[in-house]
Amino acid sequence: MVAMAGYPRIVHVDEVEPNRRRGGDLRAMLTPTVVGATSGFMGLAIVAPGERIGEHYHPYSEEFVYVVCGELEVDLDGVAHPLRPDQGLMIPVNMRHRFRNVGGTEARMVFHLGPLAPRPELGHVDTEDDPRALPPERAGVTS
């Protein structure tokens, strides 16, 4: 197969604008728009100490994550699990998930989602009003 002009393309993390809508600093690097991907997309999540990525789910995609550095905690359908460097996790379609940096240093996590949703706006469903706010169970609020 002959590559299209400019492909394959190497993308540096600094070439991609940060997305902070869900908390953290998400860099979608290898996407349909950036590199012409057709089966999914890959990126890097950079999460500062005490920061989090708000709860959401993907109705069309599995999400694969790999922790490069830092100490994360992931809630999967409301159940917390530690996630440490050199560990990977596959999050099934429709499973609610949120990530928290519970350590004292920056955490970096590679993520890949696939297959793609039919349209980009259908790929994520947020389940929190303010994804950067602490969830009630972590903020000391009880029912």
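Shown here are the side chain to side chain contact (heavy atoms under 4.5 Å, CB included) partners of Glu71, two or more places apart in sequence or in another chain: Arg84, Val102. Judged as a salt bridge (charged side-chain N to carboxylate O under 4.0 Å, His left out), and not counting sequence neighbours, Glu62 has no contacts. With sequence neighbours excluded, the residues satisfying side chain to side chain contact (heavy atoms under 4.5 Å, CB included) with Leu30 are Val11, Val35, Met42. Partners of Pro49 according to the side chain to side chain contact (heavy atoms under 4.5 Å, CB included) rule, which considers only residues two or more places apart in sequence or in another chain, are Asn101. Legend: residues meeting side chain to side chain contact (heavy atoms under 4.5 Å, CB included) with Asp86, ordered by chain and number and at least two apart, are Tyr66.
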Can His97 and Ile53 be said to form a side-chain contact (heavy atoms from CB on, under 4.5 Å), step by step?
CA-CA 9 Å; His97 54 285; Ile53 298 169; over 6 Å; no

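In plain terms, the two heavy atoms of Ala107 and Leu72 that are nearest each other are CB-CD2, 3.6 Å.
At least one donor-acceptor pair closer than 3.5 Å links the side chain of Arg9 to the backbone N or O of Val34. Distance alone, capped at 3.5 Å, places no donor-acceptor pair between the Arg108 side chain and the Val68 backbone.
Aromatic ring orientation, His124 versus His56: tilted (interplanar angle from 30° to 60°).
Other members of the hydrophobic cluster containing Leu122, listed by chain and number, are Tyr60; membership follows side-chain contacts under 4.5 Å among ILVMFWY residues, whether direct or relayed.
Considering Arg22, Arg52, Arg96 as possible partners of Glu128, the one that fulfils the side chain to side chain donor-acceptor pair (under 3.5 Å) test is Arg52.
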